[in-house]
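Worksheet: one structure, shown below.
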Amino acid sequence: MTKLLDKLALLMATGLGSGYSPLAPGTAGSVVGLLLFLPLVGRPWPVQLGATLVVTVLGVFAAQRVATLVARKDPGLVVVDEVAGQWITFVSLPFTPAIAVAGFLLFRAMDIVKPWPARALERLPGGLGIMADDVAAGIYAQLLLRVGLAIWPVV
């Protein structure tokens with residue numbers, strides 16, 4: 001049973017394997033996150049939010065398990081945090097190609113820059129610390145998208 005849980009944790013934590021990308025695994029995980037959000041497009045926002053919360057909570061456990069397996073605090077192959085952050089970016093917003101691109105770029109920028117308190121959240125223990133900074137980056141990207149849409153509405 002432990003082997004099965006380890007394999008499931010690896011599958012989830014690596015964003016269906018995208019975390020093994022030799023170049024920019026975080027960006028690869030963000031692309032997978034964007035693609036995995038597509039089935040939620042057009043669903044009511046409570047469904048989007050519920051799915052995002054499930055991925056985020058399960059991601060904490062998967063990230064912790066994989067970090068333990070590879071004996072690293074925040075292994076680069078763990079990208080479920082990017083998946084969750086991308087989903088947070090898009091919850092309850094209209095989804096158009098322009099918003100998809102803007103949300104992707106804003107999330108990546110926030111994940112790289114890590115404005116306060118995102119960088120401090122990385123210091124939380126285990127899987128929570130792995131996930132928390134990207135949750136913050138997703139919230140920042142969501143807020144910036146909302147400001148952008150208030151200034152320049154998309155129909």
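Heavy-atom basis, side chains included; hydrogens, waters and symmetry copies ignored.
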Exercise. In this structure, are over 12 heavy atoms from other groups packed under 6.0 Å from Phe95 atom CZ?
Worked result: yes

Exercise. Passes side chain to side chain contact (heavy atoms under 4.5 Å, CB included), Gln86 versus Val32? Steps please.
Worked result: CA-CA 9 Å; Gln86 278 295 179; Val32 168; over 6 Å; no

For this session: Kindly indicate, with the supporting measurements, whether the criterion side chain to side chain contact (heavy atoms under 4.5 Å, CB included) is fulfilled by Phe104 and Thr27.
Result: CA-CA 9 Å; Phe104 177 83; Thr27 300; 3.9 Å; yes

Exercise. Side chains of Phe107 and Glu82: does their closest heavy-atom pair fall under 4.5 Å?
Worked result: yes

For this session: Measure from the side-chain N and O atoms of Ser18 to the backbone N and O of Gly15, and report whether any donor-acceptor pair falls under 3.5 Å.
Result: yes

Exercise. Partners of Asp133 by side-chain hydrogen bond (donor to acceptor under 3.5 Å, both in side chains), sequence neighbours excluded?
Worked result: Lys114

Exercise. So, Gln48 and Thr52: side-chain donor and acceptor under 3.5 Å apart, yes or no?
Worked result: no

For this session: I would like to know whether Asp6 and Leu69 meet side chain to side chain contact (heavy atoms under 4.5 Å, CB included); could you show each step before the answer?
Result: CA-CA 8 Å; Asp6 288 348; Leu69 286 171; 3.8 Å; yes

Exercise. Under 3.5 Å, is there a donor-acceptor pair between the Arg146 and Ser92 side chains?
Worked result: yes

Exercise. Given Leu121 and Val135, is the side chain to side chain contact (heavy atoms under 4.5 Å, CB included) satisfied, shown in steps?
Worked result: CA-CA 9 Å; Leu121 293 173; Val135 167; over 6 Å; no

Exercise. Short question: side chain of Arg119, backbone of Val113 - any donor-acceptor pair under 3.5 Å?
Worked result: yes

Exercise. Does CZ in Arg72 sit with more than 12 non-hydrogen atoms of other residues, nucleotides or ligands closer than 6.0 Å?
Worked result: no

Exercise. Do Trp87 and Leu40 have side chains that get closer than 4.5 Å, going by heavy atoms?
Worked result: yes

